S.K.: 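Next up is a structure, given as structure tokens.
All chains are named by letter (A, B, ...) in the order of the sequence lines, taking the proteins before the strands, and each is independently numbered beginning at 1. Predicted, not measured: the structure shown is a model, and the values here were computed from it.
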Amino acid sequence: MSTDDTSAASTPAPATPRNFIHDIIDEHNQSGRFEGRVHTRFPPEPNGYLHIGHAKSICLNFGLAKYYNGKCNLRFDDTNPAKEDQEYVDSIMDDVRWLGFEWDALYYASDFFEQIYQYAEQLIEKGLAYIESSPVEKIREMRGTLTQPGQHSPDRERPTAESLDLFRRMRAGEFPDGKYVLRAKIDMAHPNMNMRDPLLYRIRHAEHHRTGDTWCIYPLYDFTHGYCDSLERITHSICTLEFENHRPLYDWFIDVLDLYHPQQIEFARLNLTYTVMSKRKLLELVEAGIVRGWDDPRMPTIAGIHRRGYTPAGMRAFCEDIGVTRFNGLTNLAVLENAIRSDLNKVAPRYMAVLNPLKVVLTNYPEGQVDELDAVNNPEDASQGTRKVPFSKVLYIEQDDFMEDPPKKFFRLAPGREVRLRWGYFITCQEVVKDADGKIVELRCTYDPETRGGNAPDGRKVKSTIHWVSADHAKSAEVRLYDKLFTIENVADIPEDEDWKTYLNPESEVINTIAKLEPALGDHPAGFTCQFERLGYFCVDKDSTPAQLVFNRTVTLKDEWTKLQKKAD
RNA sequence: UACCCCGUAGUGUAACGGUAGCACAACAGAUUUUGGUUCUGUUUGUCUAGGUUCGAAUCCUAGCGGGGUAACCA
């Protein structure tokens, strides 16, 4: 890939598009608030696979660090042992690297558990936290509602010494899950619900994927996250909009202990048409067996789009295209597809493949003769060279490339009409052969030996060039045709009382088992990406074997003809 | 009905008090051995009402509309 190509010094690459976060950082740099440092971090919870929304966050955080010559950490916010797993840690690291980024420091929130525990004790000692003994339901009840203030717990005035003792015994494992919880003492009437004596620690006798059984109490995310940022000396804690109401709480935790104070900045998460970005829903698709797994090519996960054949450079370009704001919008899937096509167009070698074969017999071509034709690998990149493609008497062309009774704007093959076979010869359709049901099963055509390579010495033109493969030389393959995951543009519009899964697109994966490929396509490793001329971009799936080739359709080519047909309806 | 945030072409995003631009989409044309690519052109926009100002998308006020927030989740 040549996305970071700086060799063309005379035409510098367009500068990274700026956004409101750059303005904030510039201000900080001018005022000297962080001594000119820029240190971001990407802080996922390892409880699922990363998706395209995370890609936006990754590009933002790592991109900012790069732009300002700063640093960016990877930190796993692993405060809930029940949901987290090493499998997810591994996949997240793979995904970040696949996108083309490398972290400066790697941390886990669990690395800071002891320090955070000490902070909790300090809060208790300052009279700013207390041990709560009420059950969950009672705590919830006393919290009040959005429009009504909460009530003080009877435990709120528990003496400091008693809270401290209880907290230490919680850590020592003296109590069962749910017996006690540590709460901050802030303001039960605060209009911001997060400030109504939030929970800090809970008892969980659970095996943690990193700390094992060292702990039986775990800090909640809200109590942990800001401290981790502070301890890592993060300057700009970038997160999504739903944490905006948490910012005053994080500020309180830090200021009350007089600790180093990063600046939190919120931005709008990515929403894409015809897909979901909810970890919960994606998990459901995986667990219900509706998809092939987290890396199913229909999934908006990074693992999924990777398997689908999307490229890191295309994804990074997409993340730049969509911008960063505080507006909660819905981005068209077309923007993503455009970014991917535009990258693949430059780098993907071209091949010929026929998805729905129609047999063509060249009646005037010598029996048994094979011609090795030269084909250009990529018209956009001469350095990709040429290859040989075998040509013979019996060929396959695409069923869609022939019409017995063509409408006005159909330029392809029809009875009596001449077209060009890509890199081959001009052929003319002489006869249509049908079976008993009237289905077209074969075309009998003549070829013009003078047009080898695709040009007529007499200068005559054809309206169309179509792709083909030689029947005797073709490889069979399974080709998985992918399309949008949902039938509804905005998944958020699905009513609450309906099952969102009824809006899944039944044709999001269509399996074609009759495809015929040119022989050069027979020997490539999983992940190999190319263009099937006139059809789209495809890649070799990880299920592919030499005996059973499997290709995924990454994205179609733009298609004026299909568009015309749809308009005609 | 509490608090917080957000309203710029169809969609997404620029314009930091001084000519409303870009991308995608759509439409029209040119080029083309991919109905691809490339190139050219066209259509469509500052939520509303006041105010401040020589001048407002930008600042202020109100209204309208959208989103978020009441896990021992993150």
S.K.: So which nucleotide from B:rG35, B:rA74, B:rA2 ends up closest to the side chain of A:Leu564?
M.R.: B:rG35
S.K.: Distance criterion of 3.5 Å, no angle test: do you see the side chain of A:Glu242 paired donor-to-acceptor with the base of B:rU69?
M.R.: no
S.K.: Just need the stems in RNA chain B: three or more back-to-back Watson-Crick or G-U pairs, each with both distances under 3.5 angstrom, sorted by first number.
M.R.: B:2-7 with B:64-69, B:10-13 with B:21-24, B:26-30 with B:38-42, B:47-51 with B:59-63
S.K.: Need one value for A:Arg341: base, sugar-phosphate or nothing, where a base atom within 4.0 Å counts as base even if backbone is also close, heavy atoms only.
M.R.: nothing
S.K.: With ring pair (Phe, Tyr, Trp, His ring centres under 6.0 Å) as the criterion, how do A:Tyr227 and A:Tyr250 come out once you've worked through the C-alpha distance, each side chain's angles and the decisive distance to 0.1 Å?
M.R.: CA-CA 8 Å; A:Tyr227 285 141; A:Tyr250 301 162; 9.4 Å; no
S.K.: Could you check whether the side chain of A:Asp23 and the base of B:rC16 have a donor-acceptor pair of N or O atoms closer than 3.5 Å, going by distance alone?
M.R.: yes
S.K.: Quote, to the nearest angstrom, the P distance that separates B:rG35 from B:rG45.
M.R.: 36 Å
S.K.: What nitrogen or oxygen pairs link the protein and nucleotides 40-43 of chain B at under 3.5 Å?
M.R.:
none

S.K.: Record whether the side chain of A:Glu266 comes under 3.5 Å of the base of B:rG68 through a donor-acceptor pair of N or O atoms.
M.R.: no
S.K.: Can you tell which of B:rA74, B:rC24, B:rG12 lies closest to the side chain of A:His246?
M.R.: B:rA74
S.K.: Can a side chain N or O of A:Arg202 be found less than 4.0 Å away from OP1 or OP2 on B:rA74?
M.R.: yes
S.K.: Ignoring backbone atoms, establish whether A:Arg534 has a side-chain N or O less than 4.0 Å from OP1 or OP2 of B:rG35.
M.R.: yes
S.K.: Among B:rC24, B:rC27, B:rG36, which nucleotide has an atom closest to any side-chain atom of A:Lys567?
M.R.: B:rC27
S.K.: Please tell me which of the listed nucleotides, B:rA26, B:rA70, B:rC72, lies nearest to the side chain of A:Leu199?
M.R.: B:rC72
S.K.: What nucleotide among B:rU34, B:rU37, B:rC6 has an atom nearest to a side-chain atom of A:Glu380?
M.R.: B:rU37
S.K.: Between B:rC24, B:rA74, B:rA70, which nucleotide has the shortest distance from any of its atoms to the side chain of A:Met193?
M.R.: B:rA70
S.K.: Rounding to the closest angstrom, what is the interatomic distance between B:rU58 and B:rA14 at atom C1'?
M.R.: 13 Å
S.K.: It should be established whether A:Thr325 places a side-chain nitrogen or oxygen under 4.0 Å from OP1 or OP2 of nucleotide B:rU13.
M.R.: yes
S.K.: Check whether NZ of the Lys or CZ of the Arg A:Arg460 lies under 6.0 Å from the centre of the six-membered ring of A:Phe426 and within 45 degrees of that ring's axis.
M.R.: no
S.K.: Of the options B:rA2, B:rG35, B:rU34, whose atoms approach the side-chain atoms of A:Leu146 most closely?
M.R.: B:rA2
S.K.: Kindly state whether the pair A:Phe411 / B:rG35 counts as stacked, where counting means centroids closer than 5.5 Å and planes tilted less than 30° apart.
M.R.: yes
S.K.: Can you figure out which of B:rG35, B:rC3, B:rA71 approaches the side chain of A:Lys409 most closely?
M.R.: B:rG35
S.K.: Select one nucleotide: of B:rA2, B:rU69, B:rU34, the one nearest the side-chain heavy atoms of A:Asn245.
M.R.: B:rU69
